[in-house]
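The next block holds one structure in the form of structure tokens; read it before the comments.
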Amino acid sequence: MNSPTILRTSTADLYDAHVLKNYARAPLTLVRGRGALVWDDQGKQYLDFTSGIAVNALGHCHPHWVAAIQRQAAELIHVSNLFRNPNQAELARRLIGYAGPGRVFFCNSGAEANEALIKLARLHGVAKSGGEEGKCFKIICAKNAFHGRTYGGMSATPQEKIQKGFRPLVPGFEFGELNNLQSFADLVDDQTAAIFLETIQGESGINPCTTEFLRGVRELCNKHNLLLLLDEVQCGIGRTGKFYSFEYAGVQPDAIGMAKGLGGGFPIGAMWARENAAELFHPGNHGTTFGGTPLACAAALAVLDVIERERLLEKVTFNSVGWRAALKQFVKDFPKQVVAVRGQGYLVGVQLAGEVAPVQAALREAGLLVPTAGGNVIRLLPPLTATPDELAQSVEILRKVLTAKA
Ligand SMILES: Cc1ncc(COP(=O)(O)O)c(C=O)c1O
């Protein structure tokens with residue numbers, strides 16, 4: 001029953017009245033997108049360097065991705081994991097091409113991919129203890145990490161703003177200092193099953209693991225028979241110019257959590273695990289109704305097609321060099337406002353001396369949409385398809401806003 005009153009009610013009013021108030025949303029209603037551009041309901045155009053928080057890897061409505069989804073929607077959208085579907089099989093094969101020999105579990109989000117990693121760690125601990133539960137279950141994570149909002153993910157996320165109100169948490173998580181190998185080594189004991197890290201911390205302000213640290217953690221894991229679990233939910237799927245950002249360090253994890261860019265905007269998550277770790281799962285001990293549907297996998301296969309055909313890894317690597325150099329120049333040009341510029345490829349954080357919210361709002365006014373991150377950071381997350389011209393536009397808008405605020 002669409003009454004005329006309901007039709008006249010604005011989206012903002014409907015949000016105010018009916019949507020859970022768990023986000024501080026911008027006063028903006030987005031209705032259409034194309035590539036790196038989006039338009040609001042007033043017809044205003046924006047350069048979208050939020051990319052759905054690192055989700056829209058191909059930008060908005062890439063024609064190959066749209067066609068793949070349309071084709072698959074008319075053929076078969078969902079079947080249970082009680083049966084096989086060809087797209088899931090093919091996507092697993094393609095992901096193993098990037099991650100190495102192993103097996104893939106499909107789910108729907110980053111938090112769910114990380115839950116699978118946490119459960120894998122528990123299974124590994126049980127195997128280490130000769131089949132006994134509760135003896136080896138500890139997972140060492142990093143301070144300032146963000147691994148998602150489920151109970152496992154949140155328990156691995158040592159941030160007051162995330163955990164407050166939800167305690168008691170899942171037991172067994174301990175926290176070392178990022179890039180301080182000794183602080184991790186000090187926490188390892190007979191109860192430790194795994195070390196779990198974001199290769200580049202995203203939500204807490206673009207803080208990368210150093211190569212030396214990641215290599216040291218790999219050795220620590222080898223020495224104590226611990227699994228190295230890497231959360232590539234935000235930094236993976238080409239965002240840094242490599243398919244997985246740990247490739248820069250030349251380390252091989254035992255399992256990887258991924259999501260966000262994988263579906264290019266269609267919800268899908270995945271866990272890859274190397275063969276003998278993957279064997280810890282057996283029929284009945286893990287699952288999810290919607291994981292790896294024909295439609296979700298068609299979207300992800302289309303993302304991989306475009307990454308490969310349009311050589312997006314090479315383009316991100318090449319285009320990002322000049323872009324990040326131009327952003328780094330802000331540290332010199334606006335020393336009172338810009339403290340540091342960090343990141344790799346198209347995952348960049350501009351750390352400000354003062355509050356980020358007014359700068360984010362001014363950027364929005366000037367036509368650039370960006371998210372913030374912890375520690376006063378403006379995050380810039382262009383789609384992997386962003387052109388040098390679009391990257392240059394973002395620099396220009398940021399310069400204009402910083403100049404006005406100087
Ligand atoms: C590194 C990392 N892990 C996990 C998550 C959780 O992913 P999702 O929101 O899809 O559950 C996020 C989301 O921002 C993330 O950045």
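Every number for a ligand or one of its atoms is a count from 1 in the order of the listing. Just so you know, residue 1 is the first one in the sequence shown, and it goes up from there.
The existence of a salt bridge linking D254 and R218 is confirmed by a sub-4.0 Å separation between a basic side-chain nitrogen and an acidic carboxylate oxygen. Under 4.0 Å is where a charged nitrogen must lie from a carboxylate oxygen, and between R103 and E275 at least one such pair does. Ion pairing between R93 and E90 holds under the 4.0 Å rule for side-chain N and carboxylate O.
For a heavy-atom separation below 4.0 Å, the residues in contact with ligand 1 are S109, G110, A111, N114, F146, H147, G148, E198, E203, D231, V233, Q234, K260.
Under the ring pair (Phe, Tyr, Trp, His ring centres under 6.0 Å) criterion, F334 pairs with F330, not counting sequence neighbours. The side chain to side chain donor-acceptor pair (under 3.5 Å) check on T293 picks up nothing, with sequence neighbours excluded. The side chain to side chain donor-acceptor pair (under 3.5 Å) check on N22 picks up nothing, with sequence neighbours excluded.
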